[in-house]
Amino acid sequence: MFTGIIEAIGTIRALTPKGGDVRVLVETGKLDLGDVKLGDSIAVNGVCLTAVELPGNGFWADVSRETLARTAFIDLKAGSKVNLEKALTPTSRLGGHLVSGHVDGVGEIVAREENARAVQFRIRAPRELAKYIAFKGSITVDGTSLTVNAVNGAEFELTIVPHTLAETIMADYRPGRLVNLEVDLLARYLERLLLGDKAAEPTSGGISEGFLAEHGYLKN
């Protein structure tokens, strides 16, 4: 688990094809690796990766085909900057929100505008994730815990303050860029819980309008 509070900006130094997937070398910059051991988890742009080698100034990790297919990781190359966060410990401050490091989908930066000293971003999420994104709710973008300031269909807006711009890779975001999105865990669990016994049925992929109407959640 993670908090979504980025600890350092790292750099992808190598992407090596290995047995059908990829092994990646991440240079970790100012991230303190003193307490990191083999097998520990580190979030890279919001993707939970396992350290398999520790050369001293970074770590190697394996990236599966599943991760390459479901995240924006496939767009990274040697020299790409990435957000880094070590896994949550029992004594960590939960400054953001609970983040699993399991990306739900890939979004796209639609617009960027200056807003005094902050920057306003509009991001388009995949249609299937729109129902989990709420006004003033939490969302994770490339591993960064953020508050949604507006929602319009599958698009949502973020206001990013100077500190976040300086401490994450968000200063480099421009329209057209793809980003990893993880929705709030509570929204995921709530959807599953509302299914009740229907959750055990193999065809239950989500809550239909019929189900909501049957249980009184849709009213005229």
Side-chain angles (χ1 to χ4, degrees), residues 1-107 126 129 132 138-146 164 166-170 172 177-189 192:
M1 298 295 292
F2 304 90
T3 68
I5 302 300
I6 302 305
E7 297 180 275
I9 295 176
T11 306
I12 301 295
R13 287 304 179 201
L15 289 160
T16 306
K18 191 176 180 67
D21 49 39
V22 172
R23 179 163 286 193
V24 59
L25 173 61
V26 182
E27 185 179 281
T28 50
K30 69 177 185 179
L31 188 70
D32 181 12
L33 296 179
D35 58 349
V36 174
K37 59 184 183 300
L38 293 181
D40 282 355
S41 297
I42 299 176
V44 179
N45 275 4
V47 179
C48 178
L49 298 180
T50 301
V52 296
E53 293 183 40
L54 294 167
N57 63 341
F59 68 97
W60 285 91
D62 291 318
V63 183
S64 69
R65 288 182 178 180
E66 174 77 3
T67 299
L68 292 172
R70 293 187 174 274
T71 73
F73 213 98
I74 193 136
D75 287 342
L76 297 179
K77 57 185 181 298
S80 294
K81 300 296 183 183
V82 290
N83 290 326
L84 300 176
E85 182 192 355
K86 293 186 292 186
L88 180 66
T89 68
T91 58
S92 298
R93 291 182 177 176
L94 189 59
H97 70 285
L98 288 176
V99 175
S100 70
H102 302 153
V103 173
D104 291 304
V106 177
L129 295 185
Y132 303 112
S138 296
I139 193 164
T140 305
V141 178
D142 277 344
T144 307
S145 172
L146 299 165
T164 303
E167 296 297 325
T168 72
I169 62 173
M170 296 193 76
D172 295 331
R177 178 164 178 151
L178 300 181
V179 292
N180 293 321
L181 301 179
E182 181 184 332
V183 298
D184 191 354
L185 284 172
L186 293 179
R188 285 284 195 187
Y189 283 117
R192 189 70 173 170

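- Using a 4.5 Å cut-off on side-chain heavy atoms (C-beta onward), Met1 and Leu185 make contact.
- For the pair Arg188 and Glu182, the salt-bridge criterion is not met [side-chain N within less than 4.0 Å of a carboxylate O].
- A heavy-atom distance below 4.5 Å is found between the side chains of Arg177 and Asp172.
- Taking OG1 from Thr16 and CZ from Arg23, the interatomic distance works out to 8.5 Å, rounded to the nearest 0.5 Å.
- To the nearest 0.5 Å, atom CD of residue Glu85 and atom SG of residue Cys48 are 10.0 Å apart.
- Taking each heavy atom of Lys77 and Leu15 in turn, the nearest pair found is CA-CD1, 3.5 Å.
- For the side-chain contact (heavy atoms from CB on, under 4.5 Å) test, residues two or more places apart in sequence or in another chain that qualify with Ser145 are His97.
- Under the 4.5 Å side-chain criterion, counting only non-hydrogen atoms from C-beta, Leu181 is not in contact with Tyr132.
- For the side-chain contact (heavy atoms from CB on, under 4.5 Å) test with Leu88, the passing option among Thr3, Val99, Ile5 is Thr3; the others fail.
- Listed here is the closest heavy atom pair of Ile74 and Leu68: CB-O, 3.8 Å.
- The local environment of CZ in Arg70 is sparse, with at most 12 non-hydrogen atoms from other residues, nucleotides or ligands closer than 6.0 Å.
- Heavy atoms only, all atoms of each residue included: Ala51 and Lys37 are closest at CB-O, 4.4 Å.
- The shortest side-chain heavy-atom distance between Phe59 and Val36 does not fall under the 4.5 Å cut-off.
- Between the side chain of Asp104 and the main chain of Val183, a donor-acceptor pair closer than 3.5 Å is present.
- A pairwise comparison of heavy atoms in Gly46 and Val103 identifies O-CG2, 3.8 Å as the closest pair.
- For Asn180 (side chain) and Ala72 (main-chain N/O), a donor-acceptor pair under 3.5 Å exists by modelled atom type.
- Summarising the geometry, atom NE2 belonging to His102 is positioned 12.5 Å from atom OG1 belonging to Thr71; distances are rounded to the nearest 0.5 Å.
- To the nearest 0.5 Å, atoms CD1 (Ile12) and CG (Leu25) are separated by 8.0 Å.
- The residue from Val26, Ile169, Asn45, Ile6 that alone fulfils the side-chain contact (heavy atoms from CB on, under 4.5 Å) condition with Leu84 is Val26.
- For the pair Met170 and Asp142, the minimum side-chain heavy-atom distance is 4.5 Å or more.
- The heavy-atom pair separating Lys86 from Glu7 by the smallest distance is N-OE1, 2.5 Å.
- Under the 4.5 Å side-chain criterion, counting only non-hydrogen atoms from C-beta, Asp62 is not in contact with Thr50.
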